[in-house]
Structure formats: C-alpha cells, structure tokens
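Inspection log for the structure reproduced underneath, given as structure tokens.
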2 protein chains.
Amino acid sequence: MMNFEPIKKVNSYELIVEQIEARIRDGELSAGDRLPGERRLMETFSVSRSTVREAMRVLHATGVVEPHAGDPRGSEVIPFSPKTLQRPLARMAHQEGTSRAELIQFRLLLEGQSALLAAALCSDETKDEIESRAADLAELAASDSADAVEEFGRVLSAFHHAIRLASSNQLLQATGQAVDGALTEIARQRLDDETHGLARRGRLGQSAQDAAGLAERIRDGDAAGARRTATENIYRFYRDSLTEAERATLEPLVG
Amino acid sequence: MMNFEPIKKVNSYELIVEQIEARIRDGELSAGDRLPGERRLMETFSVSRSTVREAMRVLHATGVVEPHAGDPRGSEVIPFSPKTLQRPLARMAHQEGTSRAELIQFRLLLEGQSALLAAALCSDETKDEIESRAADLAELAASDSADAVEEFGRVLSAFHHAIRLASSNQLLQATGQAVDGALTEIARQRLDDETHGLARRGRLGQSAQDAAGLAERIRDGDAAGARRTATENIYRFYRDSLTEAERATLEPLVG
DNA sequence: TCGTGTTACTGGTCAGACCAGTAGTAGAAA
DNA sequence: TTTCTACTACTGGTCTGACCAGTAACACGA
C-alpha cells in the first residue's frame, strides 16, 4: 500500500494566513490587538507586498481581521462574529437544489430548539424582552395602519431573533438568523403574488396570538411546551403554501 | 430624527466579489463553469490586476471559486461544500473556552433532529446503510488492532454522516458535518492528553452498542425514540469532559 | 491513429509607485 | 496653561508592468 502524502502546493500567502491564525489560536494575538503594517509584514515574512496583501484579504474575508486604512496602528484583530457564518449559510440556502421545503424544515427545527433552550435556561430579563416583542406584535395586529403588514414581518422577525438570543447559543443564533433571512428574501422574490401578502394580513391576529402563547411558555420555563408551540406556529404559518408531500416532511418535527 | 444612510466605503474588489456572487445567485454562473482569466477580468471591470486578484482571493477563501494555475480555461466556480462552514465554526470554538459547550450543544441538537427525521422519513435502503455502519462499529470494537481507536473515530463519524444523509435535508447535513468536523479537529488539537484517548478506548464497546440501538430505532421508524437515543449517546460521549455548568446547558436537549 | 513537442495562455509572485485618508504631535492661538 | 489647528509620517487601496512555473490544447511527425 503506497502510502504517500498527497502533495500540497502551498501558496505563500496561505502560509502567512496560517501563521497569523496560529498566533491567534495560541493567544499571542487576541481581539483588539493590532497587526504590523503591510510594509512591516513584507519584511518579516520576506515576501512582496502583494503577497502580504492577499493574506490580509483572506483574513479579512474570513472575519479574522479588520483593516483600518490610514490608521498608523495597522489592521485590527477582531472577535468572532456570527456574521461570519451567515454569509456561507445564505449562499448555501440560495443554491439550486436546496428546496424551499428543506429551508422551512430546517427553520422549524432551529426555532423549535431555540424555544426549548430559551424556556429552560434564560434569565428573567431576557424573558421580559421576549414578552415585550410579543406585545409589539399584538399592538401591530390591532392597528390598521397602511404598512402594518410589512412592519409586522419585521417585528415578527425580531421576536424570533429575541428567542434565538435567549437560547444563549451563538451557533443557533447565527444559523437561525441566516435561515430566517434567506426565507424572507425568497418570499420577497417570489411575491409577485399579491394574495399571499393579503392572506397574511388576515392572519396577523393569529400570529400575534401564537407569539404570545409561545412567550408565556418560555416565561413558565415549560421547555417541551415551548418547543411544541414554536414548531406548531411556524408550521401553521407555512402550511397553506406547501404541497402535500412537503407537509409530510415537516410533520415529524411538529408537536 | 435625521435618518441618513450610513456611508459605506466601498472597496473596488468588494464590488467585483458582489457582482460575481450575484451572477451565481441568479444562476448565470453555476458550479463547474469557468471564470474569465484575471487579465480578461481586469478589462471587463476596468481595474488593475491586483484588484481583480484580491477579489479572487476572497472568492477562493469563501469557497466560491477554485483557481487552476496554468489552466487556460480560468478559475472554476465550485459547488458549495460544508468545509466552507467548518473553518469559521472551528475558529469560533477555539475562542475563549465557553463556546466549546455551545458547539456540543449545537451538535446534540442537530444529530437529534437528524435521527428523528431519518426514522420518520427515510427509505429502507438508507436504513440498511445506517445499520451497516453500526455493524462496522461493532466489529471494530471487538477487534484489538493497534489503530482501532483512531479508525473507530472515523467510522463513528461515517455512521453519523449516514444518519444526516438519511434526514434528506442538505442544510442539516452540511451544518452537522461542519460541526462534527470542527469538534474532531478541536479534539485532535487538544489531545496532548493521552488519557482521553485511552478512556475512549475503554468505551468503544459502549459506543458501538449505542449506535446499534440508534440504528434499530431508526429501522423501526420510532422517531421520538431515535431522537432521544441519539442525544443520550452523544451526551454520554462528552459528559465526562464537561464542567457542571456546561452539563446543565446540555441537559434540556437530552432525553 | 497515436504519442509528442510547441505554444499561448494561466495563476502566483515580485518590484516600485501614487493616492486618499487618519493618528498623533508640534506649534499657534486663546 | 489650555485649546485648537496644521503638519507629518504613516496607513491601506490601487495601479503599472514584469517574470516565473505550470498546464491545456493543438499541430505535427511517427
């Protein structure tokens, strides 16, 4: 069994990236620290500035570093942000082959578990925050302002966001937010269909009520109930726009 | 309320990235297609090659494009890969301790829901595949080959992969794989500690048994049972390496 | 028909230059 | 003395133009 190593053509800029990332892992560099300027780096690494530059581009693109043009202190090492995950997730969601049903299925699952964790673990202040969002929804549903529907969508999104935040899990938060974003964007793109918007209009009250029920279960620390309520609400929200087969793939996650 | 737009300093290379990503989203470019060469791109975008180059670096770093040096056909647009998520996830987990628990929490949740969906929806052939992996594990646990432990890790990973595949959800599959990968990478890096490896060695039998039990529940279509078993198995796997507080954040998801 | 060498490209790297913009400081104004 | 201002010496962003090692494809000879 010829057990050779696969040859890896190493590009110089990747070596620089690795060295800097290693320094961060080892704690020699941490968020807030400044990197030497590009001209200094080209000397310490014995490469041209283009090469240093490409390394910096990669580090910037992956959310490791933030450049500060004009600042003599050089680029800054920044802390991890969920936004780093959001980009690739959005890309994946947009990709051909990822069906809308899968997206909804994934959302159902994420929001359900978020609600569960929120009910089980989060603090009273956070529960206040969630209930406050639910109250916002009720108020909006009662109003008959012209753009209440659109505003309702935003506030509903904020409500779910608060729950994800309450789950105290950054990953859940980032993925949930990404999926939410992807779905609303798809909705916006496909909504030449006026009826859907109008249909939602008729259900604002229902949605607000759902949210209130969910907030209450989270308040009570009823983890299982919160999960069930969250999934049921979301399922109801999408049900009418799905085919029979699609519903079948969602139902195992509901209730 | 002065409602001005926040100014966005746009770097040229970012505009190029956006244009190319937009083309991909709109389906005008898709996996396998080739981008024009850098010299061609600098003309079409009216920028210098450095700028084109930095754009390409970003696209490459975010897993959108694969360069082929020397190939006259230019860089290739590649399909989405979970590896794209794996890097930022690993980085996030490396940060200040706290997030390892989050990673495990997230994994617990993903694998649990995967098992649930697999049990509820997947075909008989897929169930065969899962049971076959479980059998591999049992065989390995019984053997006493030198590198059985390391091999066991790989096969265990394959077992979970099969379950995620059976969930028929690409998002679940990709995120699950990324989290799995990130966790094993962390384990590898922190494993100066020999004892952990040895401890696992003592538990190969247990793990294989767990897997068999999970496979059986999936075979039976026992969705709730599959979810419970999957979470319990994973929880047991990590329990001893966690603090009391970390365990508390995981327990709501178990059982 | 089948190798084979040439060729015209590719991406990776280098060098050196200019620009707009910022932090910090030295000096002018109060 | 304090406050404001102009300057300076840097920063990152962009450009130009060049060389290299490597590859795909094609024309060519066997």
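Order of the sequence lines fixes the chain letters, A, B, ..., with proteins taken first and strands second; residue numbering starts at 1 for each chain.
In terms of modelled atom types and a separation under 3.5 Å, the side chain of Asn169(A) and the main chain of Leu171(A) share a donor-acceptor contact. Not a single donor-acceptor pair under 3.5 Å links the side chain of Asp26(A) to the backbone N or O of Arg23(A).
No more than 12 heavy-atom neighbours from other residues, nucleotides or ligands sit within 6.0 angstrom of CD on Glu139(A). Counting non-hydrogen atoms of neighbouring residues, nucleotides and ligands closer than 6.0 angstrom, the CZ atom of Arg40(A) reaches no more than 12 such neighbours. Applying the 6.0 Å contact sphere to CZ of Arg34(A) captures more than 12 heavy atoms from other residues, nucleotides or ligands.
Using a 4.0 Å cut-off between charged side-chain N and carboxylate O, Glu21(B) and Arg87(A) make a salt bridge.
At a cut-off of 3.5 Å, with distance as the only test, a side-chain donor of Tyr238(A) or Arg107(A) sits close to an acceptor on the other residue.
Atom-to-atom, CG of Leu15(B) to P of dG13(D) comes out at 13 Å; the value is rounded to the nearest Å. One can place CE of Met56(B) at 7 Å from P of dG11(C), the figure rounded to the nearest angstrom. One interatomic measurement links the two molecules: CZ of Phe45(B) to C1' of dC15(D), which rounds to 17 Å at whole-angstrom precision. Atom NE2 of His68(A) is separated from atom P of dG13(D) by 11 Å (rounded to the nearest Å). Taking atom CD on Glu54(A) and atom P on dG13(D), their separation rounds to 13 Å, with Å as the unit. In this entry the distance linking CZ of Arg53(B) with C1' of dT10(C) reads 10 Å, nearest Å. Note: CZ (Arg57(A)) to P (dT13(C)) measures 16 Å, nearest angstrom. Atom pair Arg34(A):CZ and dC10(D):C1' shows a separation of 13 Å (rounding to whole Å applied).
Judged as a salt bridge (Lys or Arg N to Asp or Glu O under 4.0 Å), the pairs with a partner in residues 72-82 of chain B (not counting sequence neighbours) are, in order, Asp71(B)-Arg73(B).
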Contact list (N/O, under 3.5 angstrom) for nucleotides 18-25 of chain C vs protein:
{"from": "dG21(C)", "atom 1": "N2", "to": "Gly70(A)", "atom 2": "O", "distance (Å)": "3.3"}
{"from": "dT22(C)", "atom 1": "O2", "to": "Gly70(A)", "atom 2": "O", "distance (Å)": "3.0"}

Scan nucleotides 3-6 of chain C against the protein and return all N/O pairs shorter than 3.5 Å with their distances rounded to 0.1 Å.
none

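Of all the heavy atoms in Val155(A) and Leu140(A), the pair that sits closest is CG2-CD1, 3.5 Å.
Contact annotation for Thr51(A): backbone-only contact, meaning every heavy-atom pair under 4.0 Å involves sugar-phosphate atoms and none involves a base.
Candidate nucleotides dT14(D), dC9(C), dT13(C) were compared by shortest atom distance to the side chain of Tyr13(A), and dT13(C) ranks first.
Both Gly37(B) and Val47(A) lie close to DNA chain C; mapped to their nearest nucleotides by heavy-atom distance, the more 5′-ward contact belongs to Gly37(B).
OP1 and OP2 of dT13(C) both lie 4.0 Å or more from every side-chain N or O belonging to Ser50(A).
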